[in-house]
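In what follows, a structure is listed as structure tokens, so that the remarks can point back to it.
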Amino acid sequence: MRLRLSEADAAFREEMRAFFTTQVPERIRSVVAERRELSKDDIVETQRILNAAGLAVPAWPTEWGGRGWTSLQRHIWHEEMQLANVPAPLAFNTSMVGPVIATFGSQEQKERFLPATANIDIWWSQGFSEPDAGSDLASLRTAAVRDGDHYVVNGQKTWTTLGQYGDWIFTLVRTDPDAPKKQMGISFLLIDMTSPGLTVRPIKLIDGGQEVNEVFFEDVRVPVGNLVGEENKGWTYAKFLLGNERVGVAPVGSTKSVLARAKQLAKDRLDDPFVAARFAELETELLALELTALRVVANSADGKPHPASSVLKLRGTQLQQAVTELLVDLAGPGGVASGADDDSAVPQWARVATPRYLNYRKASIYGGSNEVQRQIIAGTILGL
Amino acid sequence: MRLRLSEADAAFREEMRAFFTTQVPERIRSVVAERRELSKDDIVETQRILNAAGLAVPAWPTEWGGRGWTSLQRHIWHEEMQLANVPAPLAFNTSMVGPVIATFGSQEQKERFLPATANIDIWWSQGFSEPDAGSDLASLRTAAVRDGDHYVVNGQKTWTTLGQYGDWIFTLVRTDPDAPKKQMGISFLLIDMTSPGLTVRPIKLIDGGQEVNEVFFEDVRVPVGNLVGEENKGWTYAKFLLGNERVGVAPVGSTKSVLARAKQLAKDRLDDPFVAARFAELETELLALELTALRVVANSADGKPHPASSVLKLRGTQLQQAVTELLVDLAGPGGVASGADDDSAVPQWARVATPRYLNYRKASIYGGSNEVQRQIIAGTILGL
Amino acid sequence: MDFELDDEQTALRDAVRRLLASTYATIDGRRASTAKAPGWDEGMWGRLAEMGVLGLPFTEEDGGMGAGPVEVALVAEQLGRVLAPEPFAEAVVLAGGLVAAAGSAAQKEQLLPGVVDGTTVAAFAHFEPGAAAGAPPRSVTATQDGDGWVLDGVKEPVLHGAQAGLLVVSARVDADGTDRTGLFVVAADAAGLDRVDYPTYDGTRAARVTFASTPATPLGAAGANASDVVALVTAHAQVALCHEAVGAMATALDLTTEYLRTRKQFGVPLKTFQALTFRAADMYVSLELARSMALWATLVLADGDPDAAVVAATRAVVQTSAAGRHIGQEAIQLHGGIGMTAEYAVGHYTTRLTAIDQLLGGRTAHLRVLADHVGEYDVVDPLAV
Amino acid sequence: MDFELDDEQTALRDAVRRLLASTYATIDGRRASTAKAPGWDEGMWGRLAEMGVLGLPFTEEDGGMGAGPVEVALVAEQLGRVLAPEPFAEAVVLAGGLVAAAGSAAQKEQLLPGVVDGTTVAAFAHFEPGAAAGAPPRSVTATQDGDGWVLDGVKEPVLHGAQAGLLVVSARVDADGTDRTGLFVVAADAAGLDRVDYPTYDGTRAARVTFASTPATPLGAAGANASDVVALVTAHAQVALCHEAVGAMATALDLTTEYLRTRKQFGVPLKTFQALTFRAADMYVSLELARSMALWATLVLADGDPDAAVVAATRAVVQTSAAGRHIGQEAIQLHGGIGMTAEYAVGHYTTRLTAIDQLLGGRTAHLRVLADHVGEYDVVDPLAV
């Protein structure tokens with residue numbers, strides 16, 4: 001057991017910190033710091049800077065841009081990035097479809113997609129969830145029927161985050177409706193979002209934003225070459241994808257960063273013991289989470305998903321939400337001035353506080369709800 | 001809608017307050033105030049004082065000592081009694097078996113048992129729970145087999161509170177093991193605890209106290225005249241008993257009384273904002289509970305159990321436990337001196353704080369656990 | 001103590017419910033009303049006026065209905081149930097209430113009829129940027145200017161401040177070196193008055209209101225310290241908002257239980273999952289406790305003691321704030337993704353509950369007030385406040 | 001940062017676990033050991049000494065094993081897992097630790113060998129009635145008496161104070177009009193020493209220790225202010241107790257999950273009820289977060305900066321206190337009635353977790369300390385304390 005980073009890791013940390021705080025434009029990082037909405041260009045510009053420096057896809061196989069880092073290095077990379085308010089590389093590209101293609105895709109698919117995915121020349125969207133499935137992902141109904149060299153896709157996906165920017169979408173589709181188990185007849189298909197018959201409809205959320213979408217497929221023709229791996233094995237790849245990334249599953253760095261900024265904003269109210277205690281409490285809870293993430297990282301050398309990831313997701317989103325709630329309280333009645341412009345006498349942070357709070361109610365629902373995480377902990381870890 | 005009590009109710013309240021604070025010996029009330037353990041004699045003496053004044057069984061039929069009060073009057077009686085630290089009449093006698101005998105018993109049973117029950121000449125124990133049943137009360141197995149003019153009872157009851165003082169025990173026994181539903185073959189039987197074959201074994205609890213017991217029945221012969229109502233209809237009477245008493249289902253008065261005393265004890269620490277806020281919070285929560293109890297009382301004129309009773313039980317025990325926990329915190333490290341005698345430099349209240357806290361973990365388990373209450377709320381009120 | 005409505009009150013509640021259902025039977029009603037100016041349905045406002053609802057808090061002498069906090073509470077709960085955006089608590093109970101409580105006889109005669117008949121929508125310009133909910137005015141100052149008074153400074157956010165035909169404004173008055181709270185009336189067309197309108201996250205409207213040597217008329221006696229009257233009328237508005245929240249919570253819970261009953265997942269209705277139904281049960285507990293407290297606070301208001309009224313409102317806010325957050329958050333969580341969408345109703349309830357919470361000033365601020373006085377009494381006796 | 005044990009540490013942990021299992025495989029072991037004097041198993045204490053466990057925190061120079069906080073933590077967790085009543089944290093880490101940290105070379109040479117070989121059980125008499133956990137001594141005073149010192153006043157509760165062969169006592173020393181904290185050694189047979197023994201609710205023993213002109217020897221330099229050394233050694237003991245709590249929580253959760261798996265109700269195993277299994281999942285989350293924090297605090301102790309050590313211990317207490325209460329309460333609730341009985345194991349775990357919580361001083365007190373300093377830094381960086 002050892003508290004300090006090794007000299008090499010400490011140097012690595014300094015290198016990351018220096019890069020993120022000097023090489024990613026302040027203009028973009030301030031958007032994150034001020035909790036404003038990132039534009040597509042902000043995200044793309046950042047990821048290209050990272051990719052050029054070999055910092056976009058460090059967990060990929062080295063031949064496709066990976067760095068062969070230890071889990072701890074990947075953790076440090078991720079935390080420093082978040083603490084510096086650098087927009088993370090697009091998860092759909094770097095944590096989701098990229099590793100699937102790199103692991104299960106054909107050589108041709110790898111060459112065609114991986115460099116473009118790392119550099120965000122292709123913006124990927126995710127097509128997993130369906131309106132009637134909810135947490136029961138495998139009950140999906142979007143169908144792909146083989147017709148010569150194509151699949152013909154019909155159905156609907158939903159909760160497609162940032163789908164309005166998507167160039168391609170990776171989907172789970174049902175290729176064998178007669179399979180004995182619902183998990184067995186599913187395939188993993190890559191679909192060009194400019195294909196005829198594919199339409200994207202934005203879903204307005206309760207904070208007024210439009211970050212998620214429905215995606216409709218009406219006789220969309222997809223070349224069979226876009227099938228990843230084997231037909232009807234898609235569930236395996238999906239499970240790989242969902243269990244793939246442990247680093248960053250708990251948004252520690254970004255939550256710490258928001259909390260630190262909140263403390264700065266509340267500087268002249270820290271003599272109020274209730275305000276101070278709330279910061280002390282959240283900082284301590286976040287520290288415990290961060291340490292748990294480090295323990296999980298340390299135990300993940302074997303490459304298998306660590307069941308404690310569910311602890312990180314569950315607690316991570318709880319604390320993320322608690323910090324957004326703190327900002328609502330700090331904003332007070334001024335918080336209702338959310339629609340005011342920058343001439344407002346209510347400061348920008350107070351105006352965004354409540355929409356962000358409302359937006360982050362999603363954190364405990366999307367990407368495996370907290371109920372699903374509890375189910376995993378009870379089942380996989382506790383044997384219940 | 002009206003805030004104030006009517007003049008009559010206000011006068012009634014004064015009358016109750018005057019009686020409880022002057023007619024019940026300070027010696028006994030201080031035991032309650034100081035959260036020490038009441039002796040059998042304390043309880044009996046108090047109840048006889050109340051009974052002599054017509055204040056022991058006000059909810060019973062008037063011919064057996066009831067007072068024909070409104071629900072609000074019964075509520076006031078109960079709250080004032082608790083606020084004055086008067087030990088409540090023994091629930092087994094006055095809220096449980098008494099009303100069952102008065103409602104379903106034979107005239108002979110009424111005459112034989114009711115006056116003695118009101119005056120605690122008979123101390124009743126409860127024999128419902130069994131070791132393997134838990135919350136599934138109806139799965140009880142203690143059997144009563146008819147043999148001439150007697151039932152022969154074999155089996156075991158548990159969690160019999162204060163069973164060590166019991167003269168008689170009211171039990172649920174299985175008289176028809178072949179009934180199509182487990183609720184159908186159960187009878188309600190009164191058993192003299194001096195009967196041969198009946199033994200009481202104390203169960204030590206985690207606070208060191210011995211207030212609950214196991215009761216064993218080995219070929220205990222019970223005259224058939226001790227059957228209440230009809231054979232195999234016991235479940236109906238048990239449901240009546242369990243749903244009978246709404247007044248006092250939430251221990252508001254006693255919790256308020258403990259909280260008020262805690263505030264007195266912490267008087268010189270109320271300038272600590274954390275301590276003060278905890279009192280303010282608990283007082284407000286208790287007020288909300290008390291008001292809800294008053295609303296339920298107001299709506300219970302029809303005599304049927306109000307499903308909101310479950311709200312009172314659930315929240316009432318939560319707050320009861322929260323107040324016991326506050327006292328543990330106020331006691332601090334001194335609280336471990338629980339076994340010290342009165343020469344201790346640690347004050348008495350601090351020494352009893354943690355054993356009481358541990359003891360009151362039972363409050364959310366016994367008498368219908370909080371899980372059962374949530375089930376009732378979800379099912380009966382919300383239709384889930 | 002009695003929590004039962006009398007026949008007249010029951011009739012009022014049912015009438016308001018029926019009227020609101022004509023427009024707000026579904027969330028589309030709120031969407032439509034808030035989408036266009038002024039941010040509520042003017043026809044509905046007129047019909048509420050016709051029904052006498054806008055005159056409920058005012059004496060018959062002032063042209064009102066001579067009703068009281070109980071009737072106000074009934075209406076507020078019904079508005080909350082359907083998320084009707086009509087600014088009853090803010091314009092009538094709060095801004096109108098200040099005129100009734102602080103205005104001179106002449107001012108009441110001049111201003112209240114319009115409030116009661118719905119032709120004048122009043123707003124209370126009180127919040128100042130960066131100040132806590134209960135803080136006295138600092139940045140808006142009132143100074144004497146010849147025979148009259150002028151105001152300077154910024155109020156923000158002022159709910160429906162740009163739509164209001166009448167502004168009641170709190171201002172700092174320097175009285176021989178000490179600060180006093182003054183109340184002033186400012187006409188919508190006053191010189192030096194600038195109002196910038198914008199939407200709030202809950203779909204209503206607010207404004208930044210700037211005063212630059214803006215002529216203003218003292219409400220009531222010039223120079224009187226209005227902090228007590230502001231506290232009392234604010235207490236009335238807070239309790240009304242608590243009832244609005246109770247109504248919203250009740251519907252949020254209804255929507256949630258309905259969803260759990262009907263929505264299937266893994267082949268069975270969600271209500272099969274005890275972990276979800278138990279949470280709905282806890283929501284019900286929160287709702288009922290908040291309802292009890294709001295009702296009680298209403299009775300204390302009606303009882304008339306101003307100090308008791310302010311404390312009761314504070315307790316109601318503490319309870320409502322916690323309940324609103326609990327129920328609002330759980331309502332979305334138990335719905336899952338659909339709860340996040342603006343298309344579906346439940347998220348609007350959470351959003352509005354959040355707004356009410358912020359406008360009430362939040363739980364901690366009110367708990368702090370209670371904590372400061374906790375040593376001054378032994379027990380809280382609801383029957384003898 | 002590395003949380004892995006090395007081979008030696010793993011061997012130590014396994015050896016301690018095996019040794020403890022010989023006596024404490026079931027709760028009957030604790031019951032038997034606490035039922036008779038001195039309140040723990042003297043044979044077990046001797047075997048722990050033979051294994052070197054009682055010498056872990058001390059340098060080889062002082063006759064110890066030259067191990068450190070990590071090894072102490074391993075042992076404490078194992079003791080907690082089986083609720084072994086041997087007073088390792090209190091007698092060795094705390095009382096012995098004070099001798100090692102504050103004693104002169106001669107005192108260490110004289111006193112520590114007995115602590116290490118188990119023949120001397122030391123106790124730290126520090127708590128004073130009515131004082132908060134972290135308060136400096138007030139009611140016990142030390143005054144110079146010729147060449148020596150005498151103590152007056154009452155310490156209570158002193159854990160195993162009547163059984164201890166060596167008392168380390170904190171006392172208020174008047175140094176030119178200001179109060180200082182002094183540490184003193186008092187022999188078990190000192191004149192004017194009165195010790196009244198009694199049981200604690202968790203089955204261990206404590207005492208009221210009265211000093212009446214009791215001769216005492218300053219620990220280390222006479223008149224030195226020992227408040228820093230008390231804070232640092234207390235931090236070490238607190239972190240050890242946190243690990244004891246983590247061990248106890250782990251077993252409480254094990255017992256609970258086992259109960260949910262095997263106990264049937266309504267004809268099915270309890271684990272069928274999702275409302276229960278989800279709560280077990282939340283218990284696991286609490287446990288793992290507390291474990292992480294305790295491990296980290298251990299590493300900070302090992303790192304050597306005394307100020308950082310005290311802050312880390314405070315954070316560990318905040319986390320452990322909350323987790324211990326959560327897990328202790330839920331463990332009983334999920335067991336139902338049987339959890340309340342002294343016959344069954346789980347209640348003893350809750351009881352012990354409650355005692356540890358009180359001895360640590362409780363969550364709020366420690367949170368208050370953190371709150372006082374929260375404005376002094378931007379973020380908490382676990383890698384750079």
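Keep in mind that the numbers below use all heavy atoms, side chains included, and drop hydrogens, waters and symmetry copies. Each chain gets a letter, A, B and so on, in the order the sequences are listed, and its residues count up from 1. As the structure is a computational prediction, the values presented were derived from the model and not from experiment.
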Subject >> chain A contact via C/R205 - side chain, backbone, both or neither, heavy atoms under 4.5 Å >> reply: neither

Subject >> A/W159 side, atom CH2; C/M340 side, atom CE - distance, nearest 0.5 Å >> reply: 8.5 Å

Original post:
At a heavy-atom separation under 4.5 Å, does A/A337 approach chain C through its side chain, its backbone, both, or neither?
Top reply: both

Original post:
Going from CD on C/Q333 to CD on A/Q321, what distance comes out if it is rounded to the nearest 0.5 angstrom?
Top reply: 7.0 Å

Original post:
In Å, rounded to the nearest 0.5 Å, how long is the span from CD of A/E325 to CG of C/D357?
Top reply: 8.5 Å

Original post:
Between A/N359, A/T354, A/V346, which has the largest tally of heavy atom pairs under 4.5 Å with chain C?
Top reply: A/T354

Subject >> Residue selection (most heavy-atom pairs with chain A, distance under 4.5 Å) from C/H348, C/R263, C/H335 >> reply: C/R263

**OP:** Could you tell me whether A/D272 and C/R368 have a side-chain N and a carboxylate O separated by less than 4.0 Å?
**Re:** yes

Subject >> Members of residues 203-215 of chain A whose heavy atoms come closer than 4.5 Å to chain C >> reply: A/I203, A/K204, A/L205, A/I206

Subject >> From CD1 (A/I365) to CD1 (C/I332), nearest 0.5 Å >> reply: 6.5 Å

Subject >> Option that, when pairs with chain A are counted at under 4.5 Å, heavy atom only, ranks first among C/A355, C/G337, C/S139, C/A275 >> reply: C/G337

Original post:
Is chain A contacted by the side chain of C/T341, its backbone, both, or neither, given a heavy-atom distance below 4.5 Å?
Top reply: both

Subject >> Minimum heavy-atom distance between C/V154 and A/A345, given as atom pair plus value >> reply: CG1-CB, 4.1 Å

Subject >> Heavy-atom contact with chain A under 4.5 Å, split by part of C/R279 >> reply: side chain

**OP:** Would you sort out whether C/E330 and A/R361 count as a salt bridge (charged side-chain N to carboxylate O under 4.0 Å, His left out), showing the intermediate values?
**Re:** CA-CA 10 Å; C/E330 288 288 74; A/R361 303 314 309 165; over 6 Å; no

Original post:
Considering only heavy atoms from C-beta outward, does the side chain of A/D343 approach that of C/V196 to under 4.5 Å?
Top reply: no

Original post:
Heavy-atom distance under 4.5 Å to chain C: side chain of A/S139, backbone, both or neither?
Top reply: neither

**OP:** Write down the atom of C/A131, the atom of A/P333, and the distance for their closest heavy-atom approach.
**Re:** O-CD, 4.5 Å

**OP:** Could you tell me which of C/G267, C/G130, C/G336 has the largest number of non-hydrogen atom pairs under 4.5 Å with chain A?
**Re:** C/G336

Subject >> Side chain, backbone, both or neither of A/P131 within contact of chain C (heavy atoms, under 4.5 Å) >> reply: backbone

Original post:
Which heavy atom in C/Q358 sits nearest to a heavy atom in A/A331, and how many Å separate them?
Top reply: NE2-CB, 4.0 Å

Subject >> For chain A, the option from C/A371, C/A207, C/G347, C/P199 that forms the most heavy-atom pairs under 4.5 Å >> reply: C/P199

Subject >> Shortest non-hydrogen contact from C/R208 toward A/D341 >> reply: NH2-OD1, 3.8 Å

Original post:
OH/A/Y357 to OG1/C/T351 distance, rounded to the nearest 0.5 angstrom?
Top reply: 9.5 Å

Subject >> Interatomic spacing from OH in C/Y201 to CZ in A/R356 - rounded to 0.5 Å >> reply: 14.5 Å

Subject >> Contact origin within A/R351 toward chain C - heavy atom pairs under 4.5 Å >> reply: neither

**OP:** Report yes if the side chains of C/D202 and A/V336 come closer than 4.5 Å at any heavy-atom pair, otherwise no.
**Re:** no

Subject >> NZ (A/K181) with more than 12 external heavy atoms under 6.0 Å >> reply: no

Subject >> Note: C/E343-A/R201 ion pair, threshold 4.0 Å (strictly below) >> reply: yes

**OP:** Determine whether more than 12 heavy atoms belonging to other residues, nucleotides or ligands lie under 6.0 Å from atom CZ of C/R31.
**Re:** yes

Original post:
Side chain, backbone, both or neither: which part of C/L276 has a non-hydrogen atom closer than 4.5 Å to chain A?
Top reply: side chain

Subject >> Winner by heavy-atom pair count (cut-off under 4.5 Å) against chain C, out of A/S344, A/P355, A/G335 >> reply: A/S344

